[in-house]
Amino acid sequence: MSEQQIPQQPPVENMTFEAALAELEQIVGSLETGSTALEDSITAYERGTILKKHCESKLSEAQAKIEKININSDGTVSTAPFEEQE
Amino acid sequence: MTNETASEITPRNNVLGNVPEMSVSELAFSLKRTLEETYGRIRIRGELSGVKVAASGHMYADMKDEGAVINIVCWKGVMSRLSLMPEDGMDVICTGKVTSYPKGSRYQIVIDSIELAGEGALLKMLEDRKKKLAAEGLFAPERKKPLPFIPHSIGVVTSPTGAVIRDILHRLADRFPRPVLIWPVPVQGDNAADKIAAAIKGFDSIQSSGAMRRPDLLIVARGGGSLEDLMAFNEESVVRAVADCSIPVISAVGHETDTTLIDYVSDLRAPTPTGAAEMAVPVRANLRTQILDDEKRLVSGISRLFEEMRHRLTAQAARLGDPGRILEVKTQSLDHLSQKLVSGFERGLSGKRTRMLELGAMLRHPKDRIAEAQKILSIRTDSLMRVRNKLLDEPQKRFVHAGRMLETLSFKSVLNRGFVVVRDDQGKPVTAADQTRTGQSVRLQFEDDKLVDAVIGKGGKSKKPAKADSQGQLF
């Protein structure tokens, strides 16, 4: 089963951080317990590396753009930069 | 009542005796003015009854206590701003103005705010509302939506001013900076609930497009305050807005000890606005650490796996045996055997050599043996010679002697004296005449050993025996 699943894994680019991290942990776990066949372990390691990169980039893309909602006179909403007020 | 009021007015106007005539309207409006000027804004406490909202949108009700009843009215425009919806039986404090309704000459209170009287009553009302909403299933655990692990955009419904939004933004920045959309709302006072509900619905209706991204997590927050201050978050409109919202909602209203109805319906209740920020995002640094740790484990895991495989391979290979080693062992035993062979052979050889030498030593050279034999022979020869002399000389002497004796005694000596020996054809001596016949050939032997044939003549018999007799007589 597992060796069949590996090629069927979704592309890492589309994965959420959480899913990528969970799979990374699962790969790490299986490598640590040695439950992976040697050939599969190489594939798993490679995928683990990609997952780790993906997670890192997800963590890096942390912008803190703070905006405020304005309700326009026609009822539509738009955003404006938010200034902290005391 | 109208009369009482009139009697009060009369002395004040100080019209005695000459009572001026007033129209009904004049009096009614005068009364109205008097009421409004005398009481101004008042707060009145009592129990609501007969609450009804007319088609016009105005609300009419009675307030009563044990001894009295007074009409109240709430205009449509004010209704929407009320912090709670008036219901029959509510013990409330209404704020408003005393006035009269000239067409019916009834006085009434026009209210502009209404609040529950006494905390106990308020709590009871909230408890009833909670039961009602719970019965609808709005608070059911299965309705709770999971929060995104890392939201890509967070919508915050709160006051744009004050510590709450600042705390949230700061805590988000500390943990995991994310885009934040703030929907400013009043968090207390009349119509705060409607604004809050509208903001929640507003966020829910945002469709991601270019500049604006639909948030995937909402925080509805307010700082601490009295029960009344927090009332907007107990309003059914707010509760329903949260229940209907397809985006997960974290509620963070008041302090940890304050629980408002929004906390029951929200997908997660945070004790404080800061707590909401903590629940909204993980700590980026921790995740970094975790990923680094995972990477290390990944590397060490695969290394260990390879190490283990290598170890197992080595172990199995060792068990499989090294052909070279086997060969070595075999070679060794071969060496050993061949050494034994050589040494055995040599030992055998040396034994044989020894034996040969022994035998060789035993084997004497023919020369020696010849010499020895010659020696023996010569000794023997000597002995023999000595014996020969004895054995030969003696018999020779005896032979000579015997010969002489023989010579002496031989018939030949007789022959010498002229005798012959007659022999038959067989060589036998014929010694008697009877042994002869006439015509018989005989041989005569003379002294010189020459033989002469002779034939017996007639009368042989007679002659012959004579002859034989003589011969016979001879011997």
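These numbers come from the heavy atoms of this one structure, side chains and all, not from hydrogens, waters or symmetry mates. First the proteins, then the strands, lettered A, B, ... as listed; each starts at 1.
Residue contact with chain A, scored on non-hydrogen atoms closer than 4.5 Å, involves the backbone and the side chain of B:Leu287 alike. For B:Val156, no part lies under 4.5 angstrom from a heavy atom of chain A. Using a 4.5 Å cut-off between heavy atoms, A:Thr49 touches chain B through backbone and side chain atoms alike. Only the side chain of B:Leu292 comes within less than 4.5 Å of a heavy atom in chain A; its backbone stays farther off. At a 4.5 Å heavy-atom cutoff, B:Ile154 makes no contact with chain A through either its backbone or its side chain.
Between the side chain of A:Lys65 and the backbone N or O of A:Pro81 there is no donor-acceptor pair closer than 3.5 Å. For B:Arg143 (side chain) and B:Ala243 (main-chain N/O), a donor-acceptor pair under 3.5 Å exists by modelled atom type. Formation of a donor-acceptor pair under 3.5 Å by the B:Asp263 side chain with backbone atoms of B:Thr260 is found in this model. Between the side chain of B:Arg178 and the backbone N or O of B:Pro151, at least one donor-acceptor pair lies under 3.5 Å.
Relative ring orientation between A:Phe17 and B:Phe149 is described as parallel, the plane-to-plane angle staying below 30° on a 0-90° scale split at 30° and 60°.
Checked against side chain to side chain donor-acceptor pair (under 3.5 Å), B:Ser159 has the following partners two or more places apart in sequence or in another chain: B:Thr161. With sequence neighbours excluded, the residues satisfying side chain to side chain donor-acceptor pair (under 3.5 Å) with B:Ser266 are B:Ser251.
Looking at heavy atoms from C-beta onward, B:Ile206 lies in side-chain contact with A:Ile69 at the 4.5 angstrom threshold. The closest side-chain heavy-atom distance from B:Met79 to B:His58 is not below 4.5 Å.
Against chain A, no residue from residues 214-225 of chain B qualifies, as none has a non-hydrogen atom under 4.5 angstrom away. Residues of residues 301-315 of chain B having a heavy atom under 4.5 Å from any heavy atom of chain A, listed by number: B:Gly301, B:Ile302, B:Arg304, B:Leu305, B:Phe306, B:Met309.
A salt bridge does not link B:Lys296 to B:Asp293: none of the charged side-chain nitrogens sits closer than 4.0 Å to a carboxylate oxygen. With respect to A:Glu23 and A:Arg47, a salt bridge is recorded, a charged nitrogen being found less than 4.0 Å from a carboxylate O. Salt-bridge annotation for A:Glu32 and B:Arg297: present, with a side-chain N of the basic residue lying under 4.0 Å from a carboxylate O of the acidic one.
Of the listed residues (A:Ile42, A:Ile71, A:Val28), the greatest number of heavy-atom pairs within a distance under 4.5 Å of chain B belongs to A:Val28.
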